[in-house]
Q: 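Let me give you the structure first, and then I'll get to my questions.
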Amino acid sequence: ANEQHKGGRLHAYELLCKMTLQREHDTPLEPGHLSQFYAVLHHGLHSTDEDVVNEIVRSSSNYFPSTLDASTLLLLDFIYAFNNTPPTQAPRVEAQTILGSTLCFPNLYHDIPVLKPDVADPTTTICSNVKDYVVEALLTSGKKEPSAAARCVALSSTGVWLYEELTTSHTRHSRVKEAINVLLVSLKFSNRTVASVACTQLHLLTHCSTELMENMPEMPPRIIEVMSLTVSALLNGTEAKNTDSGRQLLVSLLLCILDWCMAVPLELLTDTYGAESDKRLIRTVFKALQTAALGKPGHSAKHSYSLSDLASQDFDPNLQLEKVQEAPGFVNRSKLNSVNRSNTVQLGRDGAVSLAAHTVLSHLTNHLGHFPLARGCSLLACRVSEHQDVEDAPGELSSKLFNSPNVQFLIYNDTCLMSVVEIPAETSKPGGGAADDMLSSNRCVRFIMRDGGGKYCWDWSLLYSPSAAQDANKPVHCEPLSTLDDEIGHSANAHCQAYMDYSSQEEGRRSTVVPTELPVHSQPQPDGTDKLDSLLQYIGWSSPECQSRGCPLNTHSPPPPPVLPPDVQSNAITRILQHHTQLGASYVGNSRSKAIAPEPAVKSPPPFHLARLVCAQMGFLSRDNRHRVHLLKKNERFLRELKNLDSRHCRETHKVAVLYIAPGQEDKLSVLSNTGGSKEYEDFVAGLGWEVDLRSHCGFRGKLQSDGSAGVSAPYYATSTLEVVFHVATRFPSTDDSARNVKLKHLGNDEVHIVWSEHSRDYRRGIIPTEFGDVVIVIYPIRHGLYRVQIIKKPDVPYFGPLFDGAIVNSRVLPVLVRETAINAGRAKRSQIPLYQPFYEERTRYLRQIINQFKDDRTFEEYSAHLFSPVPQVYNPIQYNTST
């Protein structure tokens, strides 16, 4: 009898669940109805009939998101049913959805009353360790779930749980490391869709890298290390290199490694693991990138250890994962990606994996350790162009720039466009240079480089010496002696005037010489007589002209009057000694100085002279490097392509629509007329990104105009590899039909829609009529700060995460999880577009087209002449004629 009515009984279970679990009831459910409903489900989940259990699970995917009172009573019943139900013909996805929707309860409710799962009769008990039951079931599903679709949901639930655990300060479960271990081991899973989902969850953990470094400092380097070794291990095989799904997994791993390296401190990558070890994390990363860039491991790119060597108490690289089976109707990336992409994703020199590895290498080299820059996250590439700061240059890039003698365009290594521009230096610096304490040239050389990673600009200045050397090489400066000229001159003139008046002085002079006879030698002289004194006295008497100023010759002449006054004479002697001291010190100082100041700069230097010097020193004028550097053909078409290249994004970009639906709104007009929302909605929008002023924003704009037609501001989020602009409907003007049409145009053209619905009914896709909107993420407030997430997507869009249809999360982690889900949804949609190219492939392809079309192959002599002088000068004989 039971078998005859089994179909009706299953249908009764289905109808009972649908009637009871609908979002809104016209009249509140009676307590008796709820108690009977819980008793029926409790009895059915303990049934020995698999079909009954499967029907209840299939019909109860919205059980926990419902607003039923005491719905957590059946928490352990559902977990018990999942663990004891055979996987054959079971609704595995619905089961994992129900399990994933319970993750938010342990951190919100403590000591939950539940029905005992091992007793058929309804008996309540208090469960204080419900998180342990949920985590145990979750990790078991992540390792043993047989359905591919359900395994993806289980891994997404693991990522959501890890993010909530790591960002919650008051809770740290003991099995967090085991959950990360499951994700790391799943990267090598044979089903590439499952492996890609695991990679997505590891990428989600970059947003809590700070918490991991504080509480589990060994986990970030382990994640980076395992992903790097996994890339090398996959490249050693053949399956990953020869299938679209394998190549997409490799690209996802490379980009995930990049974001992890940008998220952790630089010292973690560059420091050695120990004092006696030279092992560094950045070396492991670069070896994996080199292997991916070459397509095979080279001798220098081989790792000195493998995944097995990382085995420890917290990490098991050989963790066994059971195989999965494809579920009917499950959208697999490997099948959908079989579209014609053979010309862009083949592994090799120009393959997608090789190009992604080169992009990651370039990005790490250019931005690791110094992002964001001073202008913030909105700027990654330079915005300087060739015409700026050049004398007599046009106001924009135009053909007039080709006539400038200080601008030259080059190709370097067939991968980079290089513009060499000579400009005046800043005159406010010493010597007009680039440093306050250096003497430099009054000219600068500007290099503007464009490659696959973006646009970069460098100013080069020729430095002569430190500014202190200029003072040491100045002429000797001594205190001049000319300050005494007036005093000395007056005294000398007075002295000379005394000698000129000699004749007049002689007339008034009276002789005081006593007449004396010449002493004779033969005559005896009195004792004590000085014969010489007598002789001098006799000469003075007999020859008065020999007298000195009328004084006898045998007496001391009075001292002549001083030429200078005593004070002037003393001052002069002091000044002369100081002068000699200064001369000696200057001589000693100059003999020890090594810096020599250059000649004064030429007022009108020849064009491009400093740029020639830089190019010569970089080897651009060497025959050995001729194959590395080429000239570019200068024409209007080249300028157009150059402007086009500058407009290409050097980061991944997404624009996401955000709509608010108030209670009772079900039509387009009412939804588009909203100019604000509830406080919870505004808090959610604020958590998606930071507000940017559209009038001055210089990053990705998502086609939002700066004239106010799209509002004044918009939420914006950016990393070194990503830019996202949110088209928030309530930010747009809604004054008239024209403004609402502008709003609808922006919202309708977005691939991903985020809908915040406070209406009692579920959101209908046709409220906003559009051919786009391939993925709609609907958020429904429940209670106690919890929110149910509904994922509506077109059939051709493959699975993505971390949020899944039916997930329940709290308000604290909701914005980040929704943002990451929207970004991954956009990636999943774009991956199915035939011949779609990521931003780095598109920019590199366009760059190569410019190089191939405008490369100017010339002889070495012609090349050198144009590099010496970009614009040949006309010889004027009159200018060099010196005969006149």
Side-chain angles (χ1 to χ4, degrees), residues 96 99-100 103 134-145 148-167 172-209 211-213 215-216 218-231 233-234 248-250 252-261 263-264 307 310-324 333 799-804 807 813 816-817 820-821 824:
Q96 291 303 323
L99 178 62
L103 295 173
V134 174
V135 173
E136 173 63 29
L138 183 65
L139 296 181
T140 301
S141 300
K143 293 181 287 186
K144 299 181 179 181
E145 174 58 51
R151 181 76 67 91
C152 291
V153 176
L155 293 179
S156 296
S157 302
T158 303
V160 172
W161 175 74
L162 282 173
Y163 180 77
E164 184 174 355
E165 282 293 306
L166 294 173
T167 55
R172 290 285 189 279
H173 199 271
S174 59
R175 304 189 70 175
V176 167
K177 295 182 179 179
E178 182 181 352
I180 297 178
N181 188 11
V182 172
L183 295 178
L184 291 174
V185 175
S186 298
L187 295 175
K188 292 199 305 179
F189 197 63
S190 57
N191 188 294
R192 299 308 181 192
T193 302
V194 175
S196 297
V197 172
C199 181
T200 301
Q201 310 317 311
L202 290 172
H203 185 274
L204 173 65
L205 298 185
T206 58
H207 296 283
C208 47
S209 59
E211 289 79 4
L212 280 173
M213 290 297 301
N215 301 284
M216 305 176 188
E218 74 280 1
M219 293 310 298
R222 178 182 300 169
I223 292 174
I224 299 175
E225 201 169 24
V226 171
M227 287 193 296
S228 300
L229 295 176
T230 301
V231 168
L234 291 174
Q248 286 192 354
L249 173 61
L250 285 170
S252 299
L253 282 172
L254 293 175
L255 297 179
C256 187
I257 292 173
L258 169 59
D259 286 334
W260 264 105
C261 290
V264 300
L307 285 171
L310 301 180
S312 63
Q313 183 179 358
D314 298 328
F315 177 65
D316 182 11
N318 300 317
L319 182 67
Q320 296 298 321
L321 303 178
E322 295 187 3
K323 295 182 179 181
V324 296
R333 288 176 183 265
Y799 181 86
F800 54 87
L803 292 179
F804 50 91
V813 299
V816 174
L817 293 176
E820 290 299 305
T821 304
N824 292 329

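The chain is numbered in sequence order, starting from 1.
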Q: With a 6.0 Å cut-off (strictly less than), is the heavy-atom count around NZ of K144, excluding the residue itself, greater than 12?
A: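 No, not enclosed.
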
Q: Is the shortest side-chain heavy-atom distance between V324 and E145 below 4.5 Å?
A: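 A side-chain contact is absent here, since even the closest heavy-atom pair is not under 4.5 Å.
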
Q: Please tell me if the side chains of Y163 and E820 come closer than 4.5 Å, counting only heavy atoms from C-beta onward.
A: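 Answer no - side chains too far apart.
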
Q: Could you measure the distance from the CG atom of D259 to the OG1 atom of T206? Nearest 0.5 Å is fine.
A: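 The CG atom of D259 sits 6.0 Å away from the OG1 atom of T206.
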
Q: Which atoms form the tightest heavy-atom contact between L212 and P220, and what is the distance?
A: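 Heavy-atom minimum between the residues: CB-CG, 3.9 Å.
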
Q: Determine the minimum heavy-atom distance between L138 and W161, stating which atoms define it.
A: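 Answer, listing the atom of L138 first, then W161: CD2-CB, 4.2 Å.
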
Q: Do P317 and V226 have side chains that approach each other closer than 4.5 Å (heavy atoms only, starting at C-beta)?
A: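 Side-chain contact under 4.5 Å: no.
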
Q: Could you check H203 against W260 for ring-ring contact (aromatic ring centres under 6.0 Å, His included), going step by step and ending with a plain yes or no?
A: CA-CA 7 Å; H203 185 274; W260 264 105; 8.7 Å; no

Q: If a pair satisfies salt bridge (Lys or Arg N to Asp or Glu O under 4.0 Å) and one of its residues is in residues 219-229, list it, with sequence neighbours excluded.
A: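 Output for this query lists E225-K279.
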
Q: Return the CG to CE distance between L205 and M219, rounded to the nearest 0.5 Å.
A: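 It is 9.0 Å, given to the nearest 0.5 Å.
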
Q: Any idea which heavy atoms bring A148 and V194 closest together, and the distance?
A: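 So the two residues come closest at O-CG2, 4.1 Å.
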
Q: Minimum heavy-atom separation for T821 and L817, please, with both atom names.
A: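 Scanning both residues, the minimum pair turns out to be OG1-O, 2.7 Å.
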
Q: Taking all non-hydrogen atoms of both residues, which atom of S252 and which atom of C199 are closest, and how far apart?
A: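 So the minimum-distance heavy-atom pair works out to O-SG, 3.6 Å.
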
Q: Rounded to the nearest 0.5 Å, how far apart are CG of L321 and CG of L319?
A: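 These two atoms lie 5.5 Å from each other.
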
Q: So M227 and C256, do their side chains get closer than 4.5 Å, heavy atoms only?
A: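 In short, these two side chains touch, coming nearer than 4.5 Å.
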
Q: Counting C-beta onward and ignoring hydrogens, is there a side-chain heavy-atom pair between Q201 and V197 closer than 4.5 Å?
A: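 With C-beta onward as the side chain, the pair touches.
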
Q: Working to the nearest 0.5 Å, report the span between CG of L99 and OG of S157.
A: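 Going from the CG atom of L99 to the OG atom of S157 covers 6.5 Å.
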
Q: Run Y799 and S156 through side-chain hydrogen bond (donor to acceptor under 3.5 Å, both in side chains) and show every step you take.
A: CA-CA 10 Å; Y799 181 86; S156 296; 2.7 Å; yes

Q: With rounding to the nearest 0.5 angstrom, report the OG1 to CG distance, T158 to L204.
A: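 If I round to the nearest 0.5 Å, the distance is 11.5 Å.
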
Q: Between T200 and F800, does a side-chain contact (heavy atoms from CB on, under 4.5 Å) hold up when you go through it step by step?
A: CA-CA 8 Å; T200 301; F800 54 87; over 6 Å; no

Q: Which heavy-atom pair separates G142 from R151 by the least distance, and what is that distance?
A: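 Looking at all heavy atoms of both residues, the closest pair is O-CD, 3.3 Å.
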
Q: For residues 175-189, run the donor-acceptor check on the side chains, cut-off 3.5 Å, and write out each pair with its distance to 0.1 Å, sequence neighbours left out.
A:
from: R175; atom 1: NE; to: E178; atom 2: OE1; distance (Å): 2.9
from: R175; atom 1: NH1; to: E136; atom 2: OE1; distance (Å): 2.3
from: R175; atom 1: NH2; to: E136; atom 2: OE1; distance (Å): 3.3
from: R175; atom 1: NH2; to: E178; atom 2: OE1; distance (Å): 3.0
from: R175; atom 1: NH2; to: E178; atom 2: OE2; distance (Å): 2.9
from: K177; atom 1: NZ; to: E218; atom 2: OE2; distance (Å): 2.6
from: K177; atom 1: NZ; to: D314; atom 2: OD2; distance (Å): 3.4
from: S186; atom 1: OG; to: V182; atom 2: O; distance (Å): 2.7

Q: Let me confirm one number: the CG-OG1 distance from L253 to T230, rounded to the nearest 0.5 Å.
A: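 Going from the CG atom of L253 to the OG1 atom of T230 covers 7.0 Å.
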
